[in-house]
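Reviewing the structure listed below.
Quick note: numbers below take in every heavy atom, side chains included, and nothing from hydrogens, waters or symmetry partners. Order of appearance sets the numbers: ligands from 1, and atoms from 1 within every ligand.
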Amino acid sequence: VDLETFLDDARELLAIESTADHPDGLAAALEFVVGFTGGDFMTERFASGGKPSALLYHGAHHEHGQWRPRYGVILNAHLDVIPAPKDQFHLRRDDARLYARGAQDMKVSGLVMALVFRELAGQLPYALGLQLVTDEETGGYDGTRHQLELGVTTEFAILGESSGLGISTESKGIANVILRATGRSAHGAYPWLGDNAVLKLQRSLGRILDRYPVPDAEAWRTTVNVARVTSPNTAFNQVPATAEAWLDIRFPAGDPDLDGKTDAEVAAYLAGFCEPGVTAEVQRMDSPAHADVTSPAVTALQAAARRQGYHGGFLRKHGTGDSRFYRQHGMNAVSFGIGGAGQHGPDEYADITTIAPYYEALSDFLRTFRPGWGPG
Ligand SMILES: [Zn+2]
């Protein structure tokens, strides 16, 4: 890979303000990467909820009466970034670091994926897909999920989320829950005449946190963040009649109480911690990601990373990501990207020394991969 030429292209892509509040920026980033592949590929375009996405592959396939192939491998890149001050959209290079919004998460990895796709898609004994989406940072429902719901299938997917050439095999699921407490109002000087909703809520939260205490340090288990506690009461001398708390619950695959459960089941489970008069309502439920590491594809990817001098170890991400949609559809997916740090922060950077090894490892893996290797 000619690093300097590549970095010139990366500079252009990083300069596009492709945030959710700039729809034209999302479209521009997508068109930039589609154009970067050279335009010789089948390009299927999608749009959902105002979010454009694309799926590129080589040649026309007619398998099983469908024109869209079952892919051997899909490379998935999200081209949206979270908002940042204007100066973060001007790439700044400092020694081995490339500073910009999206440098680590994940425009640089995405552009490497597009480069590898451009070079190899026409030469492989299986269909290689390049899936470009623009809504990962806002949930991924209109990009990756949308495409999978329309029937895009693959044996194996690699998402370009930053991993320093490690292999991210798991990410946690999310349950956002609102607890609502109802009591009885009274004069604040006569609290025994009322039923304080804030106190009911507090006792219920206490029981939930007894079950899910905040860990002292990083731990691969279910956590509960109490994100907000409010009451509409505005007077010192009143016993509050209602109160509400927001819970951000993060859970790994295999949590027997939360993984694979419906909203109603999760609400009922949490209501079990609450006293009478406190109800639970699920606002958002997202499943965890969990790759099958017995898959020959995972072993081959690990070997490819090791041939570049990287450990290629398995990583777990506490945050969520688009790979969960593949698991939901019964497909195996991992994240594998360049190195860097400062994701979503003011000093986000890509580690330039990982770009060429990432390019080599990805190319090596795709040349090695054979149909049948995706599932475990
Ligand atoms: Zn990302």
_Test: side-chain hydrogen bond (donor to acceptor under 3.5 Å, both in side chains). Region: residues 289-306. Which pairs qualify, not counting sequence neighbours?_
Glu170-His290, Asp292-Thr294
_Can you tell me how the ring of Phe273 sits relative to the ring of Tyr212, calling it parallel under 30°, perpendicular over 60° and tilted otherwise?_
tilted
*Quick one: which residue pairs count as a salt bridge (Lys or Arg N to Asp or Glu O under 4.0 Å) with a foot in residues 126-145, not counting sequence neighbours?*
Arg145-Glu149
*Restricting to pairs with a member in residues 276-285, which pass salt bridge (Lys or Arg N to Asp or Glu O under 4.0 Å), not counting sequence neighbours?*
Arg180-Glu281, Arg284-Asp286
*asked:* Any salt bridge linking Glu155 with Arg370? Criterion: basic side-chain nitrogen under 4.0 Å from a carboxylate oxygen.
replied: no
*Under 2.8 Å from the Zn ion (ligand 1), the protein N, O or S atoms, given as residue and atom*: His78 NE2, Asp105 OD1, Glu161 OE1, Glu161 OE2
*asked:* Does either side chain, that of Gln328 or that of Ser287, offer a donor lying less than 3.5 Å from an acceptor on the other one?
replied: yes
